[in-house]
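Here the structure comes first, spelled out in structure tokens, and everything after it is commentary.
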Amino acid sequence: QVQLVESGGGLVQPGGSLRLSCVASRIVFSNYAMGWYRRAPGKQRELVATITSSGSTTYADGVKGRFTVSRDNAKNTMYLQMNSLKPEDTAVYYCNAGLIIGARNSYWGQGTQVTVSS
């Protein structure tokens, strides 16, 4: 079965940095568009960043200039480098993989918690 495993979350002070990783297995990773989503308690899941199979990226307005999404196809891994973290970045971050951005039949990881607090 397809598996996406996120890691790298944790507790960090405002202004700090974290790097999230998403390792995919049982898919041809290079064929997939990838995305990071996040959900805070009581809120809808929101798209944070995407990266296509060719490396094109998009970002939510609230994270532009602070977050960078990248991928290493040789390692079947997508990353999210998060700098200048703010308390409002606190959420569970989820990895998504689909043949296109926004694909209905996409795969999800179980999430990794990011908490930004002093």
Side-chain angles (χ1 to χ4, degrees):
Q1 61 186 30
V2 173
Q3 186 175 56
L4 302 175
V5 179
E6 302 95 336
S7 63
L11 175 64
V12 64
Q13 293 185 344
S17 297
L18 288 171
R19 189 179 76 160
L20 306 184
S21 298
C22 170
V23 179
S25 60
R26 302 185 184 91
I27 62 171
V28 182
F29 183 78
S30 61
N31 288 346
Y32 280 77
M34 305 292 295
W36 288 101
Y37 293 74
R38 66 186 181 187
R39 191 198 303 271
K43 294 186 176 181
Q44 293 282 88
R45 182 183 63 213
E46 66 173 342
L47 180 64
V48 176
T50 67
I51 183 165
T52 69
S53 59
S54 62
S56 297
T57 60
T58 68
Y59 298 92
D61 287 344
V63 307
K64 287 180 180 177
R66 300 188 297 119
F67 291 10
T68 302
V69 63
S70 61
R71 66 191 294 161
D72 185 340
N73 289 342
K75 297 181 178 180
N76 282 15
T77 302
M78 174 181 63
Y79 304 95
L80 185 68
Q81 179 66 47
M82 305 186 294
N83 299 324
S84 302
L85 283 162
K86 304 175 180 179
E88 51 263 45
D89 296 317
T90 296
V92 178
Y93 284 71
Y94 297 92
C95 176
N96 177 266
L99 291 175
I100 60 171
I101 299 295
R104 283 185 168 87
N105 294 322
S106 61
Y107 303 104
W108 293 91
Q110 292 186 318
T112 185
Q113 176 72 49
V114 172
T115 303
V116 184
S117 177
S118 59

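Below, each value reflects all heavy atoms present in this structure, side chains not excepted, and no hydrogens, waters or symmetry copies.
L4 and C95 make their closest contact through CD1-O, 3.7 Å (heavy atoms, listed as atom of the first residue, atom of the second, distance). T112 approaches G8 most closely through the heavy-atom pair OG1-N, 4.2 Å. For A49 against Y59, the heavy-atom pair with the smallest separation is CB-CD2, 3.7 Å. Residue V114 comes nearest to G9 through the heavy atom pair CG2-CA, 4.1 Å, listed as atom of the first residue, atom of the second, then distance. In this structure, A40 and A91 approach most closely via the heavy-atom pair N-CB, 3.9 Å. The minimum heavy-atom distance between V92 and G111, with the atom names listed, is CG1-CA, 3.8 Å.
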side-chain contact (heavy atoms from CB on, under 4.5 Å) assessment of S53 paired with Y32: CA-CA 6 Å; S53 59; Y32 280 77; over 6 Å; no

CA sep, side-chain torsions, deciding dist, call: Q113, T90, side-chain contact (heavy atoms from CB on, under 4.5 Å): CA-CA 8 Å; Q113 176 72 49; T90 296; 4.0 Å; yes

Trace of the side-chain contact (heavy atoms from CB on, under 4.5 Å) decision for L20 with R38: CA-CA 12 Å; L20 306 184; R38 66 186 181 187; over 6 Å; no

Check against side-chain contact (heavy atoms from CB on, under 4.5 Å), S17 and N83: CA-CA 4 Å; S17 297; N83 299 324; 2.9 Å; yes

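At a threshold of 4.5 Å between non-hydrogen side-chain atoms, the residues V116 and P14 count as touching.
V63 and Y94 are not part of a single hydrophobic cluster, where members link through side-chain heavy atoms under 4.5 Å apart. Both W36 and I51 belong to a common hydrophobic cluster when Ile, Leu, Val, Met, Phe, Trp and Tyr are linked at side-chain heavy-atom distances under 4.5 angstrom. Under the 4.5 Å side-chain heavy-atom criterion for grouping Ile, Leu, Val, Met, Phe, Trp and Tyr, I101 is not connected to Y107 through any hydrophobic cluster. Under a hydrophobic-cluster definition in which Ile, Leu, Val, Met, Phe, Trp and Tyr are linked whenever side-chain heavy atoms come within less than 4.5 Å, directly or via other members, M82 and V5 are assigned to different clusters.
Taking OG from S84 and CZ from F67, the interatomic distance works out to 9.0 Å, rounded to the nearest 0.5 Å. The line from CG of N96 to CG of L47 is 8.5 Å long, rounded to the nearest 0.5 Å. Here M34 contributes atom CE and N73 contributes atom CG; the two are 9.5 Å apart, rounded to the nearest 0.5 Å. Rounding to the nearest 0.5 Å gives a distance of 11.5 Å between CD of Q13 and CG of L85. The line from CD of E46 to CD of Q44 is 10.5 Å long, rounded to the nearest 0.5 Å. Residue N31 holds its CG atom at 13.5 Å from CD1 of I100, rounded to the nearest 0.5 Å.
Counted by atom type alone, S54 and T52 present one or more donor-acceptor pairs between their side chains at under 3.5 Å.
A donor-acceptor contact shorter than 3.5 Å links the side chain of R71 to the backbone of F29. At least one donor-acceptor pair under 3.5 Å links the side chain of E6 to the backbone N or O of Q110. Judged by distance alone, with hydrogens and angles left aside, the side-chain atoms of R45 form no donor-acceptor pair with the main-chain N or O of R39 at under 3.5 Å. Counting only distance, with no hydrogens or angles, the side chain of S106 and the backbone of G98 share no donor-acceptor pair below 3.5 Å. Although no hydrogens or angles enter the test, the distance criterion places no donor-acceptor pair under 3.5 Å between the side chain of D72 and the main chain of M78.
In this view, Y37 and W108 satisfy the ring-ring contact (aromatic ring centres under 6.0 Å, His included) rule, not counting sequence neighbours.
A salt bridge is absent between D89 and K86: the closest approach of a Lys/Arg side-chain nitrogen to an acidic carboxylate oxygen does not fall below 4.0 angstrom.
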